[in-house]
Amino acid sequence: MGPPNQERPMAAKDVMDKLVSLCKRRGFIYQSSEIYGGTGSVWDYGPLGIELKRNIKDRWWSAMVHQRDDIEGLDASILMHPRVWEASGHVEGFTDPLVECGTCHRRFRADMPEVAEGQCPVCGTKDTFSEARLFNLMFKTFMGPVEEAANQVYLRPETAQGSYVNFLNVQTAARQKVPFGIAQIGKAFRNEITPGNFIFRTREFEQMEMQFFVEPGTDEDWFEFWKAARMDWHVEMGIRKEKLRFLEHGPDELAHYAKTAFDIEYEYPFGWKEFEGIHNRTDFDLSRHQEYSKKRLEYIDTASGKRFVPYVIETAVGVDRTLLVVLCDAYHEEEVEGEQRVVLRLAPALAPLKVAVFPLVKKDGLPEIAQKLHADLRAAAIPSFYDAAGSIGRRYRRQDEAGTPWCVTVDGQTNEDGTVTVRDRDSLEQVRVPADGVLTWVRERL
Ligand code: GAP
């Protein structure tokens with residue numbers, strides 16, 4: 001066992017600044033178009049960020065689609081027929097009340113606490129706000145070469161509608177019976193008035209949404225099932241239980257489509273806020289699409305002959321938001337033997353790199369052995385990083401910040417008995433493992 005790690009208390013406000021700078025330093029996340037001064041609230045994922053993101057999406061897809069008989073995958077397009085958004089209620093109802101400061105002319109959500117008290121959050125002037133106007137959050141663009149109202153389309157603000165309009169396509173092709181679900185992972189866009197807190201609320205983001213179609217009357221039981229299943233998924237991903245809780249939406253907070261809605265909230269460094277939403281959308285969406293498209297979206301139960309428009313239980317979580325929760329939860333500062341270290345305690349299955357391989361010194365044939373070990377791991381599709389630069393301590397610290405669970409060091413003893421040292425990121429425990437057994441050792445722990 002290594003020495004005990006002393007967790008250092010951190011000021012909540014500092015944690016976000018530190019996380020943003022770690023994400024840039026280690027290649028997780030960069031501000032979009034940074035060399036031009038950045039674009040408001042859109043972010044780019046670097047080499048480690050994209051791996052973490054893919055691992056999160058793979059885990060969700062595996063739990064939702066691969067491990068279940070009753071959920072099918074779908075990848076609907078971002079641009080849809082504009083009538084979709086009239087039917088869904090987004091043209092009319094996907095709005096935020098917005099006010100403009102009479103002095104600095106910046107616009108804010110009317111429900112921000114300072115704004116509600118009449119003070120401009122930017123210039124501080126009091127009581128110069130305009131009347132609140134409803135502002136639609138959907139991005140608009142034009143389909144085809146003519147920029148006129150008839151050709152206006154929207155960038156989807158949620159993936160869900162793609163699942164509703166394809167409900168019968170999927171049900172018949174996959175020969176599913178209600179209850180069954182449709183899962184999607186894809187980009188969504190919202191012209192948020194107050195984006196912020198790094199990747200918490202952005203204007204371009206990815207969602208992992210699942211629409212579960214059920215017989216009316218069974219919806220409340222299925223709602224409870226999915227509430228529990230989604231909470232379990234987060235805990236199984238390694239998120240601390242005490243940092244997660246449910247929050248029920250009050251009657252005046254419900255989205256226009258929802259009969260019941262619960263958020264799974266996480267305690268971010270900036271407070272308890274939404275992580276995932278679980279919604280009972282009733283037959284609202286399918287009925288509206290029936291009405292607007294004039295196409296039947298009924299399910300016919302062949303055994304009983306019953307016909308009905310299914311109710312939908314939806315689970316909806318952001319990929320980027322999950323990544324933020326995973327990073328916030330994994331970020332730790334500790335003192336080890338009098339030295340400070342920053343460590344991302346990512347679950348091994350999520351970690352972008354699983355192993356780093358170091359030669360202790362650049363002589364005695366150690367780099368060649370280490371490079372071969374690294375190449376063997378890569379050939380077996382285990383993301384591995386070879387590093388021979390700097391002191392061994394510095395190399396460990398770099399990997400701690402990247403969240404790499406295991407560092408393998410090839411040293412003098414390797415030439416004598418063929419073993420290497422494997423150091424555990426969290427316990428700092430070091431064990432000797434035969435070099436040719438490292439691949440199996442790692443696989444058993446993923
Ligand atoms: N289809 C239902 C729906 O979209 P939502 O609560 O508006 O419901 C679902 O969004 C999830 O998508 C949220 O819980 C959050 O994880 C993520 N999300 C929503 N808006 C976001 C934004 N502007 N930036 C990042 N993630 C967002």
Side-chain angles (χ1 to χ4, degrees), residues 29 32 39-43 45 53 56-57 60 74 76 78 80 84-85 87-90 93-96 109 135-139 154-165 181-213 223 226-227 230-231 233-234 237 239 244-249 253-266 268 270 272-282 284-286 288 312-328:
I29 301 170
S32 163
T39 317
S41 284
V42 277
W43 299 86
Y45 289 83
K53 209 176 184 200
I56 289 169
K57 291 195 274 187
W60 186 87
L74 176 74
I78 288 168
M80 302 181 74
V84 166
W85 305 109
S88 70
H90 283 81
F94 195 55
T95 51
D96 273 343
R109 275 173 65 149
F135 172 76
N136 196 293
L137 302 185
M138 284 195 292
F139 278 98
Y154 301 96
L155 302 190
R156 69 179 175 196
E158 60 170 9
T159 67
Q161 298 303 324
S163 298
Y164 303 141
V165 299
I182 300 180
Q184 284 203 72
I185 299 179
K187 288 268 187 179
F189 301 82
R190 295 182 189 177
N191 199 2
E192 301 279 4
I193 305 165
T194 44
N197 282 325
F198 194 24
I199 54 169
F200 176 78
R201 183 172 290 117
T202 55
R203 294 191 168 115
E204 172 178 343
F205 55 100
E206 238 177 322
Q207 289 186 312
M208 304 186 281
E209 295 198 304
M210 194 281 297
Q211 316 301 320
F212 204 71
F213 302 92
F223 188 83
W226 282 111
K227 234 178 93 189
R230 293 305 302 150
M231 181 62 101
W233 186 79
H234 296 303
M237 195 167 56
I239 307 301
L244 295 164
R245 71 178 186 194
F246 285 114
L247 181 78
E248 183 169 11
H249 288 207
E253 296 162 326
L254 286 171
H256 60 272
Y257 50 71
K259 165 180 158 187
T260 323
F262 272 74
D263 286 344
I264 294 178
E265 290 196 325
Y266 178 77
Y268 302 86
F270 43 87
W272 285 98
K273 298 233 178 296
E274 179 182 348
F275 177 7
E276 167 154 15
I278 296 122
H279 313 126
N280 184 342
R281 294 180 73 135
T282 68
F284 176 84
D285 300 273
L286 290 182
R288 293 271 291 198
V312 171
I313 307 302
E314 172 185 60
T315 73
V317 68
V319 176
D320 316 76
R321 194 148 317 165
T322 307
L323 198 137
L324 179 62
V325 167
V326 164
L327 286 176
C328 290

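Residue numbers start at 1 and run along the sequence shown. Just so you know, ligand 1 is whichever comes first in the structure, and atom 1 is the first atom listed for that ligand.
Within the 4.5 Å cutoff, no side-chain heavy atoms of His234 are placed close to those of Val325. Val317 has its side chain within reach of Trp60: a pair of non-hydrogen atoms, C-beta onward, lies under 4.5 Å apart.
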Practice task
Just do the ring-ring contact (aromatic ring centres under 6.0 Å, His included) check on Tyr268 and Tyr266 with the steps written out, would you?
Solution key: CA-CA 6 Å; Tyr268 302 86; Tyr266 178 77; 5.2 Å; yes
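Looking only at atom types and distance, the side chain of His90 has no donor-acceptor partner in the side chain of Gln161 under 3.5 Å away.
Between Arg281 and Glu158, at least one side-chain nitrogen of the basic residue sits less than 4.0 Å from a carboxylate oxygen of the acidic one, meeting the salt-bridge criterion.
Pairing each heavy atom of Phe223 with each of His279, the nearest pair is CE1-C, 3.6 Å.
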Put together the list of close N/O pairs, under 3.5 Å, between ligand 1 and the protein, could you?
from     : atom 1 : to     : atom 2 : distance (Å)
ligand 1 : 1 (N)  : Glu158 : OE1    : 2.5
ligand 1 : 1 (N)  : Glu209 : OE2    : 2.4
ligand 1 : 1 (N)  : Arg281 : NH1    : 3.4
ligand 1 : 1 (N)  : Glu314 : OE1    : 3.4
ligand 1 : 1 (N)  : Glu314 : OE2    : 2.7
ligand 1 : 4 (O)  : Arg190 : NH2    : 2.8
ligand 1 : 4 (O)  : Gln207 : NE2    : 3.0
ligand 1 : 4 (O)  : Glu209 : OE2    : 3.3
ligand 1 : 6 (O)  : Glu274 : OE2    : 3.1
ligand 1 : 7 (O)  : Arg190 : NH1    : 2.8
ligand 1 : 7 (O)  : Arg190 : NH2    : 3.1
ligand 1 : 12 (O) : Gln207 : NE2    : 3.4
ligand 1 : 14 (O) : Glu274 : OE2    : 2.5
ligand 1 : 14 (O) : Phe275 : O      : 3.3
ligand 1 : 16 (O) : Phe275 : O      : 2.8
ligand 1 : 16 (O) : Gly318 : N      : 2.8
ligand 1 : 20 (N) : Arg190 : NH1    : 3.3
ligand 1 : 23 (N) : Glu192 : OE2    : 2.8
ligand 1 : 23 (N) : Thr202 : O      : 2.8
ligand 1 : 24 (N) : Thr202 : N      : 3.0

